[in-house]
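Side-chain atoms are counted along with the backbone in the values below, which use heavy atoms only and exclude waters and symmetry mates. Chain letters run A, B, ... following the sequence lines, proteins first and then strands; every chain starts at 1.
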Amino acid sequence: MKKDCIAMLLAGGQGSRLYALTQQAAKPSVPFGGKYRIIDFPLSNCANSGIDTVGVLTQYRPLQLNSYIGSGQPWDLDVADGGVYILPPYLGANEQGSWFSGTANAIYQNIGFIDQYEPENVLILSGDHIYKMNYADMLSEHLLHDAACTIAVLQVSLEEATRFGIMNLRADGYVGEFEEKPKHPKSDLASMGIYIFNWKKLRAALIEDEADPNSSKDFGKNIIPKMLAAGEKLWPYRFHGYWRDVGTITSLWDANMDMLSTTLINLYDPEWPISSRSPVCPPHYTGEKAEVVHSIVTEGCEIDGHVENSVLSPSVKVGKGATVLYSVLMPGAVVEDGAVVEYAIVGENTVVKAGAHVGAAPDGTDAWGVATCGPDIVIRPGAKVPAGAMIYKSEEV
Amino acid sequence: MLDFHGIIFAYRTTPALGELVSKRTAASLPFCGRYRLIDFALSSLANAGIRDVGVIMQRDYQSLLDHIGSGKAWDMSRKNGGLRILPPFGLPEYHTGNYTGTMEALNAVSEYVRDIPQEHIVLLLGDLAANIDLTPVLQQHLRSGLPITAICGDHTPEGPHHRYIVDDNGLVKQALFFREGDSEGLPALEGYVIEKEILLEMMDNCYAQNLYRFHRDAIAQYLADGGLMGTYVHRGYAQVIRTVEAYYRANKDMLIPEKRRELFPAGRPVRTRAQEGVSTYYGEKAVSRNSLVADNCIIEGELTNCIVFSGVRVEEGARLENCILMRGCTVEEGVRMCNVIADKDCRFSAGTMLIGSERLPTVVPKGKEI
């Protein structure tokens, strides 16, 4: 059936800068903000924007992501005509198949999927950003300005601009130039990696780019500059609001801490719910001696210790006399009696045994960092995990 | 266990529940911060693999319908069979006013019972807070070859209940109806596994004789006629909720970790309707001791021994002790409350003071502003 706009979500990235947290699973399935996983944000945005067909491109360790997405029911994406589809790389008969070699190549390999829906437009999303955006609003600007491509942009400071793809605009408001991580930025409009393309034009550009042996098959580096050079109309869609890239340990921890404020991103808004798949657990329990201050806590948690400035995911346990400060505890994490976890990220089902100490408060030095324990690890009784440490599953601590 | 069919009795609106059941039946009473009582019967059936389930209701069932919907939360939304909602639809001359008893309720939906394709039926109460592992019950029932197996508890519940005196093999020798306190025999949880043909016979007999009650009429007659009945003892928490006091006490029981684990064991999850939710936020001055708090709440005041449902807001300086706050309540700053059950969407304005007694908590009806 013909669709106005379908979404393609790039979820294949390894997320190598999250180290132990993505050792077993792809970045979009990393738990975030207590109840969520990173991919809940783009999926919920799609559902809330009325986009009911989403292709999720996976390749790196997709099992957890596949079972998490399932039929798409938590996001109301289990619709009869459309829905959410997992799209791994595949082989055709007598074809030399391959992994996705770039963001553009990932879409190129799925031209057949997109063609089934004969969409007018295709929305390209990435699976590692935390934000709430109405894509329908972006689509209407895209149509209003008759653009071949509309790029969501965010105003950043000029210092930050050196880390982003920067749009320089023409006098008529269209994009005149795109610079990837410029040393001397001429504008402060950063690309958020969210694009709406006219499908006919994108389809042609993908086929052309695929034939170019010098191309790195990337939207930012190849497709956008080529479209600009060809004289296509590219429109910037200005986004105002909370947006964070959570590709590094520090940014992931920072963004989690942001969830303690309702003014940065309001997750309580019934008009724009962020949905997630979570098992039903009883309400959380705080014991006789528990202290929970300036923190978010969710179902299944049992707290008997002291929790402050922290984000607790479902079924986390904090034992008697334990202390959790400025930390992110992922689903099923256990902090046993008398243990201390501070300025740390503790992965799913990891157990911090009695008396162990994970992380340390900032000491003002450059060497300091958030301590991270990957999933399914046991931190031995009395062990000490220093600030900035990265503990992998294979390691014994 | 596709050889079994479930029937849940969810029609009861016991007067002793007062305001709590003014717009709902006992089976749809909110419980333990996020559940409804009927979740226990539905989950017990679902966890034993029973997918075809009828829910008998009679009146005030809007809230129950909203809650169970198509049965999706219990995997009972099926192409064939699945969940059936059973409001009264038969026998107008027999059925007048409220159902007088379970046999009348069954006869009011007799067409449904007759059409059940399975040979065995599991009967459960919708207002019983118990997580019953039905798999061994069903296995025992099949192995014994007995027409009826009664599910009993391992401790005497509060209030009137039926008891069965059994022999060494667990066969019922004598039934004692409407007992209070400890005595001989096993306390019945009013859950049964029964052959469909036997149930239909009981229904026809009761209909012919204008009898209404399951225990005093149908079971008594069955036993008097020499019918055999086995028993199975469910070990763990079990409490029928028929009074405000029982409701209050059962909720507060859930603050005791051992009892909570009996009702919510790791292997047999209690499923309920999915709610859109965010985490609960605790403010800088929040205090929460020995309390259960659901998602979507903002807690800035003090809670002690409380059960707090989704979407509740407790402002700074408010102090609540031994309270149950249902969904959407707002407690403004400086409010002091003790032994209060606040139904959904109540608002307590700044400075309010409300103290109930521990034995008889104060019930604030739905939507009230104080």
Side-chain angles (χ1 to χ4, degrees), chain A residues 32-36 40 44 47 71 73-76 78 256 259-262 265-270 272-304 307-317 332, chain B residues 30-35 39 43 46 72-74 77 131 251 254-257 260-261 263-266 269-300 302-313 325:
Chain A
F32 179 83
K35 288 196 69 123
Y36 311 102
D40 288 330
S44 300
S71 65
Q73 187 256 328
W75 307 273
D76 270 344
D78 55 336
N256 268 290
M259 297 302 123
L260 297 178
S261 153
T262 50
I265 180 168
N266 180 12
L267 298 175
Y268 294 78
D269 180 7
W272 204 268
I274 303 299
S275 306
S276 63
R277 180 188 295 277
S278 50
V280 175
C281 308
H284 66 266
Y285 174 74
T286 52
E288 296 280 1
K289 300 250 166 75
E291 294 168 314
V292 189
V293 181
H294 191 49
S295 294
I296 55 174
V297 183
T298 184
E299 292 167 354
C301 292
E302 305 227 336
I303 305 171
D304 287 302
V307 175
E308 198 170 337
N309 295 312
S310 293
V311 173
L312 271 56
S313 310
S315 302
V316 160
K317 298 201 167 36
Chain B
F31 185 75
C32 190
R34 75 162 299 177
Y35 302 93
D39 292 341
S43 299
K72 197 167 189 159
W74 302 272
S77 175
N131 188 333
N251 270 288
M254 292 304 107
L255 295 175
I256 301 164
R260 192 166 65 247
R261 263 163 226 140
L263 205 46
F264 301 98
V270 180
R271 309 192 216 176
T272 186
R273 186 166 74 128
Q275 279 175 5
E276 204 63 76
V278 298
S279 299
T280 280
Y281 171 74
Y282 286 92
E284 299 282 358
K285 294 189 178 149
V287 175
S288 177
R289 282 189 213 98
N290 192 37
S291 294
L292 282 162
V293 182
D295 279 352
N296 297 308
C297 295
I298 299 179
I299 309 294
E300 291 173 299
E302 290 185 26
L303 304 173
T304 309
N305 310 330
C306 289
I307 287 132
V308 178
F309 285 73
S310 171
V312 167
R313 185 168 183 151
L325 299 176

* Structure fact -> Bottom line for A/Ile274: the part with an atom under 4.5 Å from chain B's heavy atoms is backbone
* Inter- and intrachain pairs under salt bridge (charged side-chain N to carboxylate O under 4.0 Å, His left out), touching residues 272-288 of chain A, at least two apart -> none
* To do: Let me know if A/Ser275 has heavy atoms under 4.5 Å from chain B in its side chain, its backbone, both or neither.
  => both
* To do: Tell me, out of B/Ala73, B/Gly283, B/Cys297, B/Pro257, who's got the most heavy-atom pairs with chain A below 4.5 Å.
  => B/Gly283
* Structure fact -> In terms of heavy-atom pairs under 4.5 Å with chain B, the winner among A/Gly287, A/Gly34, A/Ser278 is A/Gly287
* Asked: For B/Phe264, is it the side chain, the backbone, both or neither that has a heavy atom under 4.5 Å from a heavy atom of chain A?
  -> side chain
* Asked: Can you tell which of B/Gly311, B/Ser279, B/Ala286 has the highest number of heavy-atom pairs within less than 4.5 Å of chain A?
  -> B/Ser279
* Structure fact -> Sequence neighbours excluded, the answer for ring pair (Phe, Tyr, Trp, His ring centres under 6.0 Å) partners of A/Tyr285 is none
* Mark yes or no for whether A/His294, through its side chain, and B/Glu284, through its backbone, hold a donor-acceptor pair below 3.5 Å. => no
* **Check: A/Thr286 side chain, B/Ser288 main-chain N or O, donor-acceptor pair, under 3.5 Å** => yes
* Using a cut-off of under 4.5 Å for heavy-atom pairs, which of B/Ala294, B/Ser291, B/Ser310 has the most such pairs with chain A? -> B/Ser291
* **Between A/Gln73, A/Glu308, A/Met259, the one whose heavy-atom pairs under 4.5 Å with chain B are most numerous** => A/Gln73
* Can you tell which of B/Glu300, B/Lys72, B/Lys285 has the highest number of heavy-atom pairs within less than 4.5 Å of chain A? -> B/Lys72
* Asked: So, for B/Gly33 and A/Pro283, which heavy atoms are closest and what is the spacing to 0.1 Å?
  -> CA-CG, 3.7 Å
* Is A/Pro282 close to B/Tyr35 at the side-chain level, that is, under 4.5 Å between some pair of heavy atoms? -> yes
* Where is the tightest heavy-atom contact between A/Lys35 and B/Asp295, given as atom of each residue plus distance? -> NZ-OD2, 2.5 Å
* Under a 4.5 Å heavy-atom cut-off, does chain B meet the side chain of A/Glu302, its backbone, both or neither? -> side chain
* To do: Counting only heavy atoms closer than 4.5 Å, note whether A/Cys281 contacts chain B via side chain, backbone, both or neither.
  => backbone
* Out of curiosity, A/Ile303 CD1 to B/Tyr282 OH, how far, rounded to the nearest 0.5 Å? -> 6.5 Å
* Asked: With chain A, which of B/Val293, B/Leu292, B/Val278, B/Ile299 has the greatest number of heavy-atom pairs at distances under 4.5 Å?
  -> B/Val293
